[in-house]
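Scroll down for the structure; my scribbles are underneath it.
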Amino acid sequence: MMSAILKFEAVAKNYKSGPSIIHALHETDFEARKGELIAIVGPSGSGKSTFLSLAGALLTPSSGQIFLNGKDISGLSKKEQTELRLNEIGFIFQAAHLVPYLKVKDQVSFIGKRSGTDKNKSDQDSLDLLNQLGLEARTHFYPKDLSRG
Ligand SMILES: Nc1ncnc2c1ncn2[C@@H]1O[C@H](COP(=O)(O)OP(=O)(O)OP(=O)(O)O)[C@@H](O)[C@H]1O
Ligand SMILES: [Mg+2]
């Protein structure tokens, strides 16, 4: 069996809320393998966003371990988490969080340039990706001129 690219082992996440502690996740085990498409379903407040934020290296667990491609990412510093998000794991929010003054092609190539890829290659990769997504007619649009989806 193929090994997990993302693995949670007994992960808990607690939030401080004034004098009380909210146990958003407890003893959560999870495994995702390459190519799997997984939906996380549950009532409001059940911890879906907390789970995704942990998986996407936006939060660190209160206890337990999270492995990404075999590497334990549970104890990373903020700086190391930022590096990981730049190079290894992507995260798409419900809200777009696009940069209002960058054209579509520049939103996409920005990440490549930030991660040290050569400018021309980043521009080409951006156009290739937008073509694959059928967005070639939108490369010069600003976010305000796009549909939500
Ligand atoms: N930053 C925070 N500080 C304190 N409590 C939080 C924080 N974020 C989430 N919580 C609490 O943790 C629990 C899980 O919240 P979470 O946002 O993960 O749920 P959710 O499943 O994504 O909900 P929804 O379906 O409404 O998006 C809730 O009780 C919520 O109030
Ligand atoms: Mg949520």
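Counting convention: from 1, in listed order, for ligands and their atoms alike. Since this is a predicted model, take the numbers as computed values, not measurements.
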Checklist line | Backbone or side-chain N or O of Gly42 under 3.5 Å from ligand 1 N or O | finding: no
Margin query: Could you check whether Glu36 pairs with Lys34 (Lys NZ or Arg NE/NH1/NH2 to Asp/Glu carboxylate O, under 4.0 Å)?
Written below: no
Next item on the list: Run the salt-bridge test on Asp118 and Lys113 with the 4.0 Å N-O cut-off and return the result as yes or no.
Entry: no
Notebook entry, point to check: Could an N or O of ligand 1 be found under 3.5 Å from any N or O of Ala24, whether backbone or side chain?
Noted result: no
Check: Out of Thr28, Thr50, Ile66, Ile73, which one pairs with Pro61 under the side chain to side chain contact (heavy atoms under 4.5 Å, CB included) rule?
Finding: Ile66
Next item on the list: Report, in ascending order of atom number, the atoms of ligand 1 lying under 4.0 Å from any heavy atom of Gly47.
Entry: 14 (C), 16 (P), 18 (O), 19 (O), 20 (P), 21 (O)
Check: Between Thr50 and ligand 1, which part of the residue brings a heavy atom under 4.0 Å of the ligand: side chain, backbone, both or neither?
Finding: both
Next item on the list: Output yes when a protein non-hydrogen atom is found under 4.0 Å of atom 30 (C) of ligand 1, and no otherwise.
Entry: no
Notebook entry, point to check: So does Glu9 pair up with Lys7, basic N to acidic O under 4.0 Å?
Noted result: yes
Check: Would you say Pro43 touches ligand 1, if touching means a heavy atom closer than 4.0 Å?
Finding: yes
Notebook entry, point to check: What closest approach, in Å, do Pro100 and Tyr142 show between heavy atoms, and which atom pair accounts for it?
Noted result: O-CD2, 3.7 Å
Margin query: Applying a heavy-atom cut-off of 4.0 Å, say which part of Ser17 lies close to ligand 1: side chain, backbone, both or neither.
Written below: neither
